[in-house]
Number of protein chains: 2
Amino acid sequence: MYTKNPDSSELGRKIISSSIELINEIGFESFTFKKLGATINSPESSIYRYFTNKQALLIYLTSWYWTWTEYRLVFAMTIVASIDERLNKCIEILTQPVEVDDDISYVNEILLSEIIFAESLKAYHTKNVDEQNKIGCFEAYKSVVQRVSDIVLEIQPDFEYPHMLISTIIEGAHQQKYFSEHLPALTDKVKDKKAINSFYTELTWNFLKSTTRN
Amino acid sequence: MYTKNPDSSELGRKIISSSIELINEIGFESFTFKKLGATINSPESSIYRYFTNKQALLIYLTSWYWTWTEYRLVFAMTIVASIDERLNKCIEILTQPVEVDDDISYVNEILLSEIIFAESLKAYHTKNVDEQNKIGCFEAYKSVVQRVSDIVLEIQPDFEYPHMLISTIIEGAHQQKYFSEHLPALTDKVKDKKAINSFYTELTWNFLKSTTRN
DNA sequence: GCAAAGATAATAGTATTACTATCATTTCTG
DNA sequence: CAGAAATGATAGTAATACTATTATCTTTGC
């Protein structure tokens with residue numbers, strides 16, 4: 001995932017925090033190590049010592065996000081008692097961008113979540129997916145999907161498609177947000193910010209309830 | 001969408017049919033006009049007379065696909081009587097790759113549908129979406145989503161999220177297929193080829209039925 | 001049958017991207 | 001304070017994504 005751990009040095013942390021800001025500003029496509037180097041006043045060759053290329057950096061960021069999100073999920077589970085409310089909370093965390101920053105680290109979680117929603121699919125939609133997957137680049141994401149799938153199975157043990165449902169929700173929520181900003185004809189006019197969350201929550205419960213009835 | 005209509009000349013048609021094969025072989029990322037030129041024995045500068053860049057070509061291909069798919073939908077509707085069966089047929093067309101080629105044109109529809117499932121999101125997930133959308137690059141896709149949304153509304157006029165539902169199904173089916181091939185932990189082990197279709201069909205009817213009950 | 005127009009081929013050239021390499025300098029650490 | 005490690009400064013390469021120019025070939029109207 002990285003050549004040198006960015007968490008282990010000042011420059012490494014600067015690379016992470018500045019890349020999050022820069023990718024947010026200009027988008028991942030326009031983002032280059034040269035431009036990042038210019039903003040942090042370091043040569044691009046120094047950045048290459050941490051990441052082999054910008055895609056590796058994006059994978060690192062998504063992995064960071066999913067690891068952090070798994071923590072958020074675990075924490076949320078401890079303060080919600082009912083299993084139904086747990087699933088609702090999970091869906092909420094997965095479908096809505098982060099709005100408050102803990103400020104405990106050099107990572108701006110609000111901007112990072114924006115990147116995840118807008119660009120994370122570029123981390124695994126590449127010709128190198130298979131090798132990257134083999135070396136564990138997407139384990140954090142998988143772990144989140146597994147964890148929420150387990151809650152679905154707890155609610156309904158015979159449900160056949162828990163992973164399909166959860167990855168549909170995650171990726172769907174990302175795309176619906178993108179559509180609302182760029183291709184509104186592919187989504188629906190919504191009154192409030194929680195519409196996407198509501199949609200996937202309803203979708204989930206209708207699916208789970210109905211199969212229970214069978 | 002194009003600088004010169006590829007349908008208007010022998011070279012243009014060769015560009016389309018060969019690009020479909022080449023993109024399928026090496027993937028869109030590795031695909032370049034230089035390589036395409038080499039396979040059709042034409043200089044890349046000739047290809048640039050038809051498309052300003054490879055992304056414009058991809059947009060053309062997706063647009064071709066959705067226009068053709070709208071025709072398939074319209075045709076399917078004429079031979080299915082019940083409204084419920086109509087929606088089922090739509091979902092089937094949207095969630096399953098094409099398996100038979102009409103062979104009426106220079107376009108290999110089977111390979112094209114593979115490209116759409118695997119790479120179409122790269123057509124609109126770019127920094128230029130907004131301008132491209134403004135000049136109508138995605139109208140064919142929108143039209144398909146609108147048409148199926150109308151069927152949903154016919155079944156249930158008060159349904160709030162028809163476009164969200166249909167675009168979730170389309171994009172979801174594409175991604176689940178990709179996941180099953182590259183990141184199986186994000187989807188579920190499936191017995192037959194129709195599992196993705198079944199999942200989204202069930203999901204849809206549970207959603208529609210349940211809101212009817214309210 | 002031929003001239004003008006239009007399309008394609010052949011070739012060359014440029015800017016940017018995505019790196020790699022080298023060596024000097026700074027900073028850290030025992 | 002010596003040696004190691006990290007970073008800075010600079011240069012260079014291959015590939016990509018184009019643009020430009022001129023020559024050749026193919027139509028098509030007359």
Can A:K177 and A:E181 be counted as an ion pair, charged N to O under 4.0 angstrom? yes
Here the ring pair (Phe, Tyr, Trp, His ring centres under 6.0 Å) pairs for residues 15-46 of chain B, sequence neighbours left out, are B:F33-B:Y48
State whether A:K89 and A:E92 are salt-bridged, where the test is any N-O pair (Lys NZ or Arg NE/NH1/NH2 against Asp/Glu carboxylate O) under 4.0 Å. yes
5'-most to 3'-most nt of DNA chain D touching chain B (<4.0 Å, heavy-atom partner on protein side) reads D:dA17 to D:dA20
Expected list for residues 48-59 of chain A near DNA chain D, using heavy atoms below 4.0 Å, is A:R49, A:Y50
Original post:
So, B:Y141 versus B:S63: side-chain donor-acceptor pair below 3.5 Å or not?
Top reply: no
How are the rings of A:F207 and B:F199 set relative to one another: parallel (under 30°), tilted (30 to 60°) or perpendicular (over 60°)? tilted
Can a side-chain donor-acceptor contact be found between B:Q176 and A:S167 if the only test is distance below 3.5 angstrom?
yes
Taken in chain and number order and not counting sequence neighbours, the residues that satisfy side chain to side chain contact (heavy atoms under 4.5 Å, CB included) with A:D101 are A:D103, A:N108, A:E109, A:I110
Partner of B:W68 under side-chain contact (heavy atoms from CB on, under 4.5 Å), picked from B:V107, B:V98, B:L112, is B:V98
Sorted by number, residues from residues 20-46 of chain A placing a heavy atom under 4.0 Å from DNA chain C are A:T32, A:E44, A:S45
Residues 91-133 of chain B vs ring pair (Phe, Tyr, Trp, His ring centres under 6.0 Å), sequence neighbours excluded, gives A:Y178-B:H125, A:F179-B:Y124, B:F117-B:H174
In short, salt bridge (charged side-chain N to carboxylate O under 4.0 Å, His left out) pairs touching residues 117-126 of chain B with sequence neighbours left out are B:E29-B:K122, B:E119-B:K122
Mind checking whether B:C90 and B:I151 have side chains closer than 4.5 Å, heavy atoms only?
-> yes
Dot-bracket for DNA chain C, 5' to 3', Watson-Crick and G-U pairs with both distances under 3.5 Å, [ ] for crossing pairs, | for partner on another strand, reads ||||||||||||||||||||||||||||||
Contact check, residues 118-133 of chain B vs DNA chain C, heavy-atom distance under 4.0 Å, returns none
Residues passing the side chain to side chain contact (heavy atoms under 4.5 Å, CB included) test with A:H163, sequence neighbours excluded, are A:V145, A:Q146, A:S149, B:D188
Notebook entry, point to check: Are A:E99 and A:K193 within salt-bridge range, i.e. N to O under 4.0 Å?
Noted result: yes
| message | For a quick check under 3.5 Å, do A:N133 and B:H182 share a side-chain donor-acceptor pair by atom type? | response | no
Footprint ends on DNA chain C, 5' to 3', for atoms under 4.0 angstrom from a heavy atom of chain A, come out as C:dA18 to C:dA21
Taken in chain and number order and not counting sequence neighbours, the residues that satisfy side chain to side chain contact (heavy atoms under 4.5 Å, CB included) with B:A118 are none
> Are side-chain N/O atoms of A:K14 and A:N41 paired as donor and acceptor at under 3.5 Å?
Replying inline: no
Query - Polar side chain donor-acceptor pair, B:Y200 to A:T168, under 3.5 angstrom - result: yes
